[in-house]
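The chains referred to below are lettered A, B, ... by the order of the sequence lines, with proteins before strands, and numbering in each begins at 1.
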Protein chains: 2
Amino acid sequence: MRKNKVETEQTIRNLINIARHHFTEYGYVNTALEEIVKEAGLTRGAVYHHFRNKKGLFLAVFEAIQQEIGEYVETAAAKSNHSWDQLINGCQAFLEGAAASHNQRILLIDGPAVLGWDTFRKMDEKYSMNSLREQLQLMQEQHLIQPVSTEALTHCLSGAMNEVVLWIADHLEQKDAIEDAMNVLRLLLDGVRK
Amino acid sequence: MRKNKVETEQTIRNLINIARHHFTEYGYVNTALEEIVKEAGLTRGAVYHHFRNKKGLFLAVFEAIQQEIGEYVETAAAKSNHSWDQLINGCQAFLEGAAASHNQRILLIDGPAVLGWDTFRKMDEKYSMNSLREQLQLMQEQHLIQPVSTEALTHCLSGAMNEVVLWIADHLEQKDAIEDAMNVLRLLLDGVRK
DNA sequence: TTAACATACATACAGTATGTATGTAAATAA
DNA sequence: TTATTTACATACATACTGTATGTATGTTAA
């Protein structure tokens, strides 16, 4: 019955994936661990062996999604050599990634409430917001943007994108909504351009 | 033991106020109804008589805060006759109101998760976001801002403010943080100015 | 190669919180 | 004055989470 290392990792990944589906579909509070383990062919004991508690499992799911989107954003940004284009590309990639497959529920709705604001902030800093801040910092040093508080600007942009992602997610034609959002973001960013 | 109409209204207001304190202090999930009614000198029966359930009580608290801030914003905006100044004044008032007395936890963290995105959105539309949208719509008709999707712009700005409120709340010197945030917001808005 | 131990779970149970059904005294309506 | 709401209290069913403990199997070292 005991599994080797590889099999165990597979079990954990499997739990995370199943949990991800349930959390996105029904939300954190409306998902009982029992439902998840039933689908995995296990019992709740397995979850409490591999994770600290229900929150721990959620955190694993949350981080998986963050990383996924983070990589997508980085890839998109790296397609240009110009700071300004990198920023724009990254923003668009974020909108696409976060709006995809109902990630918003975990990332933006349950995330802060379940993990608490402090933990959520740390995660957000670690993944998505960090690269945004670094990019803005860099651009300020290159005198491409006005001399304002980088922190405040980072949070404003991050917030604008987070919220507009939820707006985009409400649309059937996400492509059009993303375009509308990007038009707004480009104009807003023009305001801080130097 | 039974109360008259006035007394009953007082009881309800009292429950809402006590609940507000607990929700802001400990968050929704970490607040047991028992704690609230104990402080009010009642039992849980009272809550289930006046409200649908725990969520219903939370909703009442949520709406009270929204209304409070909404009035504050309207008052601030009305201090000027110029659309642009009205917008700026309103934004600043929102930052001040939402950052005050830990309102953010209820408004921005627990709100979406507890009420669900749909209900939250409706509330947000009904109160804070609605006046912002109307103002932007008006300004677009006055040809004061660029021709972009008003909806997208509304959500971007609303999101930017919501997020930056949480950033402000992290600061000891909120006044300074608000100033930094307003500097950023003014620049961003300059981008959509015509 | 076998004893000692770790791992990966299962099972049972305790604790806590919500929600609901029902009872009851007081106020209002008839 | 009687009937009927209203404003709760009480008791209880239900649903989860978390924890303690048991167990089978793999691994390591003497």
Tell me the interatomic distance from [X], atom [atom1], to [N], atom [atom2], rounded to whole angstroms.
X: B:L15; N: D:dA7; atom1: CG; atom2: C1'; result: 12 Å
X: A:F51; N: C:dA8; atom1: CZ; atom2: P; result: 12 Å
X: A:K38; N: C:dA10; atom1: NZ; atom2: P; result: 15 Å
X: B:E34; N: D:dT10; atom1: CD; atom2: C1'; result: 12 Å
X: B:Y26; N: C:dA17; atom1: OH; atom2: P; result: 13 Å
X: B:L33; N: C:dG19; atom1: CG; atom2: P; result: 7 Å
X: B:R44; N: C:dT22; atom1: CZ; atom2: C1'; result: 15 Å
X: B:N53; N: D:dT14; atom1: CG; atom2: P; result: 19 Å

Does a side-chain N or O of [X] approach OP1 or OP2 of [N] to a distance below 4.0 Å, or not?
X: B:H49; N: D:dA7; value: yes
X: B:T8; N: D:dA7; value: yes
X: A:H50; N: C:dC9; value: yes

Legend entry - Test: A:R193 cationic atom under 6.0 Å from A:W84 six-membered ring centre, within 45° of axis: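 Output yes; distance and angle both within limits.
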Inset, instruction - Give the minimum heavy-atom separation between B:S149 and A:W167, together with the two atoms involved. - result: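 Minimum heavy-atom contact is OG-CH2, 4.2 Å.
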Inset, instruction - Between B:G45 and B:K54, just flag the one whose closest nucleotide in DNA chain C comes earlier from the 5' side. - result: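 Per heavy-atom nearest nucleotide, the more 5' residue is B:K54.
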Inset, instruction - Indicate yes or no: at least one non-hydrogen side-chain atom of B:L136 is less than 4.5 angstrom from one of B:L157. - result: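 They are in side-chain contact.
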Legend entry - Candidate nucleotides D:dT17, C:dT18, D:dG18, ranked by approach to the side chain of B:Y48 - the nearest: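 Of D:dT17, C:dT18, D:dG18, C:dT18 is nearest to the side chain of B:Y48.
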Legend entry - Modelled atom types, side-chain donor and acceptor of B:E39 and B:H21, under 3.5 Å: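 No, no side-chain donor-acceptor contact under 3.5 Å.
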